[in-house]
Undergrad: 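Questions regarding the structure given below will be posed in turn.
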Amino acid sequence: MREKITGARRREIDRAAKAILLESLRRGLATEETVDRIRQALPEVLPLEAWRFAHGWTRSEVSARLDMLYTSDGLAPPGIDQATLCRWEHGERRPSDERIEYLCRLYRTRPDRLGFGVDHSPADVDHLQRTGIIDAFPYTCSESEADLIQRLEAARERINMFGLTRNFYGRDEVLSVFEKKAETTPVQIFVMDPYCESRRDRYRVEPAEAAMEDPDRYVREVLRPLYEVALTRPNLKIFLYNFPCSYAIEEVDDACRVMLYGHGKRGTQGPIITFSGNTSAHTHFTDQIRWLERLSRTETPPEPWASKGISVRPLVL
């Protein structure tokens, strides 16, 4: 049994955890790093409490945020009291599996990271392995395109594409892959609205030789061929968005390829990095796709996106 911690020591822990959080915020560290720092400096703190400290939340805030998650799922808010949360955090009680699931959603992490279960991943891995990088290309090239086509052809669960233009999608050999895969696999393509201000701003900073600067040409050569395929394949859905972006994301099953954009550079000059599933980097990027999917399902985006003019809508030609 753990030795009981005195009230005075608890107050010291609270002050120390706040100091670690402030230092992490000043340094721009990720939440996971802050959790690790708190646990290293304060060994008495169990994982669930460390995650709350790393977010700077009180227990009443955690309870309110859990209520919001339940409400968004159409369920009655549980109204978990602070005493119950305290017992969970101090290891005196274990939450139900349902509560653990919602705690994981709240903190955007896995059960074992909150102290519920065992992490069976390899113990001694370097920072690249923890990030989940499984492949990389310095820029768009024939090898990177062949890699993408191979991944598309092998897809079994999902294909989600998000990016600026990618006239690559309009090529006959790629169109045929989308058409064939859409017979059995859900395919979603999110492309920037050719006529939105964000796209015009992007092409103002790209070099003069950047392809597909003319929106009419882009519609004619890329979007219309995709749209015509989508008319015959219900599994293929195309959406337009109207906000700026700093990278492209290609989610194929459990792998996620990310292409970085840069000012004064063509998009195809950016590096391409592929992340495996079950890593924080993979989750970071695929969460962007989940966000796009949520916005695409409603005619009016929820706040705060509606008042910011954010739009994700089906392509209609």
Undergrad: Any chance you could lay out the side-chain contact (heavy atoms from CB on, under 4.5 Å) test for R10 and H90, step after step, and finish with the verdict?
TA: CA-CA 11 Å; R10 282 288 173 201; H90 296 169; 3.2 Å; yes

Undergrad: How long is the straight-line distance from CD1 of I238 back to CG of L226, given to the nearest 0.5 Å?
TA: 4.5 Å

Undergrad: Show, in sequence, the C-alpha distance, side-chain angles and deciding distance for H55 and R52, and conclude whether the side-chain contact (heavy atoms from CB on, under 4.5 Å) test is met.
TA: CA-CA 5 Å; H55 281 79; R52 178 172 63 80; over 6 Å; no

Undergrad: Establish, yes or no, whether the cationic atom of R199 lies under 6.0 Å from the six-membered ring centre of Y218 and within 45° of the ring axis.
TA: yes

Undergrad: Please check: side-chain N/O of R113 versus main-chain N/O of C104, any donor-acceptor pairing under 3.5 Å?
TA: no

Undergrad: May I ask you to say whether R233 pairs ionically with E183, meaning some side-chain N is under 4.0 Å from a carboxylate O?
TA: yes

Undergrad: Do the charged groups of R59 and E89 touch, with an N to O distance under 4.0 Å?
TA: yes

Undergrad: With rounding to the nearest 0.5 angstrom, report the CG to OG1 distance, L114 to T109.
TA: 5.5 Å

Undergrad: Any side-chain heavy-atom pair from T185 and R156 closer than 4.5 angstrom?
TA: no

Undergrad: Looking at Q288 and H284, would you say the former's side chain and the latter's main chain have a donor-acceptor pair under 3.5 Å?
TA: yes

Undergrad: Under the salt bridge (charged side-chain N to carboxylate O under 4.0 Å, His left out) rule, what pairs show up with a residue in residues 275-292, not counting sequence neighbours?
TA: R108-D287, E251-R290, R290-E293

Undergrad: Do R158 and D254 come within less than 4.5 Å of each other through their side chains, counting heavy atoms only?
TA: yes

Undergrad: Is R94 positioned over the aromatic face of F116, cation under 6.0 angstrom from the ring centre and no more than 45 degrees off axis?
TA: no

Undergrad: Starting from the C-alpha separation in whole Å, work towards a yes-or-no answer on side-chain contact (heavy atoms from CB on, under 4.5 Å) for W291 and T286.
TA: CA-CA 9 Å; W291 177 73; T286 55; over 6 Å; no

Undergrad: Identify which one of Y241, F190, F239 satisfies the ring pair (Phe, Tyr, Trp, His ring centres under 6.0 Å) criterion when paired with F162.
TA: Y241

Undergrad: Where do G163 and A248 come nearest, in terms of heavy atoms and distance?
TA: CA-CB, 4.0 Å

Undergrad: Would you give the length of the straight line joining atom CD1 of I13 to atom CD1 of I38, rounded to the nearest 0.5 angstrom?
TA: 11.0 Å

Undergrad: Could you report the tightest heavy-atom contact between A17 and L42, atom names first, then the distance?
TA: N-CD1, 3.9 Å

Undergrad: Should W57 and L106 count as side-chain neighbours, where that means a heavy-atom distance under 4.5 Å?
TA: yes

Undergrad: Tell me, please, which residues at least two apart from E33 pass salt bridge (charged side-chain N to carboxylate O under 4.0 Å, His left out).
TA: R37

Undergrad: Using modelled atom types only, decide if a donor and an acceptor are shared between the side chain of R27 and the backbone of L25 within a distance under 3.5 Å.
TA: no

Undergrad: Any side-chain donor-acceptor pair under 3.5 Å between T298 and T300?
TA: no

Undergrad: Among the clusters formed by ILVMFWY side chains lying less than 4.5 Å apart, do Y139 and I273 turn up in the same one?
TA: no

Undergrad: Quick check on the hydrophobic clustering: are I133 and I249 connected, directly or via other members, by side-chain heavy-atom contacts under 4.5 Å?
TA: yes

Undergrad: Going only through I, L, V, M, F, W and Y residues with side-chain contacts under 4.5 Å, is there a path from W51 to V62?
TA: yes

Undergrad: Got a second to check how far D147's CG is from E250's CD, nearest 0.5 Å?
TA: 9.0 Å

Undergrad: State, with a plain yes or no, whether a side-chain heavy atom of V174 is found less than 4.5 Å away from one of F178.
TA: yes

Undergrad: When you compare the side chain of L152 with that of M161, does any pair of heavy atoms fall below 4.5 Å?
TA: yes

Undergrad: Can you see which heavy atom on D112 is nearest to which on R110, and at what distance?
TA: OD2-NH2, 2.8 Å

Undergrad: Do I189 and V229 sit in one hydrophobic cluster, given that two such residues count as connected whenever their side-chain heavy atoms are within less than 4.5 Å of each other, even indirectly?
TA: yes

Undergrad: Salt bridge or not between R87 and E92? Use side-chain N to carboxylate O under 4.0 Å.
TA: no

Undergrad: Kindly compute the distance separating CG (L69) from OG1 (T71), expressed to the nearest 0.5 Å.
TA: 8.5 Å

Undergrad: Would you find more than 12 non-hydrogen atoms of other residues, nucleotides or ligands less than 6.0 Å from Y227 atom OH?
TA: yes

Undergrad: For R93, does the CZ atom have more than 12 heavy-atom neighbours from other residues, nucleotides or ligands under 6.0 Å away?
TA: no

Undergrad: Backbone N or O of E153 within a donor-acceptor pair of the K181 side chain at under 3.5 Å?
TA: yes

Undergrad: Would the number of heavy atoms belonging to other residues, nucleotides or ligands and lying under 6.0 Å from CG of D73 be above 12?
TA: yes

Undergrad: Can you confirm whether Q150 is buried at CD, in the sense that more than 12 heavy atoms of other residues, nucleotides or ligands lie under 6.0 Å from that atom?
TA: no

Undergrad: Taking V45's backbone N and O only, do any of them form a donor-acceptor pair with R39's side chain (distance below 3.5 Å, no angle check)?
TA: yes

Undergrad: In sequence, state the C-alpha distance, the side-chain angles, and the governing distance for V187 and K237, and then conclude on side-chain contact (heavy atoms from CB on, under 4.5 Å).
TA: CA-CA 6 Å; V187 179; K237 301 183 186 303; over 6 Å; no

Undergrad: Quick one: side-chain hydrogen bond (donor to acceptor under 3.5 Å, both in side chains) pairs with a partner in residues 302-317, sequence neighbours left out?
TA: D193-R313, E303-S307

Undergrad: Nearest heavy-atom pair of Y70 and P77: which atoms, and what distance?
TA: CB-CA, 4.1 Å

Undergrad: Identify the heavy atoms of G56 and E61 that sit nearest to each other, and give their distance.
TA: O-OE1, 3.9 Å

Undergrad: Can you find a pair of side-chain heavy atoms, one from S198 and one from N242, that are under 4.5 Å apart?
TA: no

Undergrad: Please give me the minimum heavy-atom distance between P78 and D67, naming the atom from each residue.
TA: CD-OD1, 3.2 Å

Undergrad: Considering only heavy atoms from C-beta outward, does the side chain of V312 approach that of L240 to under 4.5 Å?
TA: no

Undergrad: Does a donor on one side chain sit under 3.5 Å from an acceptor on the other, for E32 and Y107?
TA: no

Undergrad: Does T84 use its side chain to pair, donor to acceptor, with the backbone of I80 at less than 3.5 Å?
TA: no

Undergrad: Look at D253 together with R151 and state whether they make a salt bridge at an N to O cut-off of under 4.0 Å.
TA: no

Undergrad: Answer with yes or no whether the hydrophobic clustering places V219 together with V191; edges join I, L, V, M, F, W, Y residues whose side-chain heavy atoms lie under 4.5 Å apart.
TA: yes

Undergrad: Do S276 and H282 make a side-chain contact, defined as non-hydrogen atoms from C-beta onward lying under 4.5 Å apart?
TA: no

Undergrad: Is the ring centre of Y261 less than 6.0 Å from the ring centre of Y247?
TA: no

Undergrad: In Å and rounded to the nearest 0.5 Å, what is the CD to CZ distance from E197 to R202?
TA: 16.0 Å

